[in-house]
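Just so you know, these numbers use all the heavy atoms, side chains as well, and skip hydrogens, waters and symmetry mates.
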Amino acid sequence: MLSTAIGALIGGAIDSASGDDSAADGAIIGGATAMFVRAIVPFAATYAVGWGVLKGLEKAKNTVFSEGVVK
């Protein structure tokens with residue numbers, strides 16, 4: 001909740017800096033972006049850790065079954 005409010009405040013401030021219109025549309029975009037980032041970051045971190053584990057297991061398998069030569 002707090003990250004959405006902060007995102008809305010930052011988006012509104014950036015949008016109002018141009019002086020063309022109100023900050024409402026920037027606040028909406030900023031709030032939506034904060035919610036999107038909060039939902040996507042855990043998935044990206046889980047994917048990165050899983051990928052690293054799989055690469056490590058592949059190297060370990062190659063080391064064991066290739067007489068110590070890592071490809």
Side-chain angles (χ1 to χ4, degrees):
M1 176 76 180
L2 184 61
S3 64
T4 305
I6 292 172
L9 289 172
I10 292 172
I14 291 172
D15 189 43
S16 67
S18 65
D20 293 338
D21 57 358
S22 71
D25 55 341
I28 292 170
I29 293 170
T33 302
M35 290 178 61
F36 177 75
V37 168
R38 188 175 55 211
I40 293 300
V41 167
F43 290 115
T46 303
Y47 180 83
V49 169
W51 182 83
V53 169
L54 287 175
K55 293 305 276 185
L57 289 174
E58 180 183 355
K59 285 188 177 188
K61 181 190 70 140
N62 288 340
T63 301
V64 169
F65 294 114
S66 299
E67 300 175 14
V69 178
V70 178
K71 294 181 181 180

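Nearest heavy-atom pair, Gly7 versus Ala34, reported as atom, atom and distance to 0.1 Å: CA-CB, 4.2 Å.
Electrostatic pairing of Lys55 and Glu58 counts as a salt bridge here, judged by a charged N lying under 4.0 Å from a carboxylate O.
Atom OG1 of Thr33 sits about 10.5 Å away from atom CE of Met35, to the nearest 0.5 Å.
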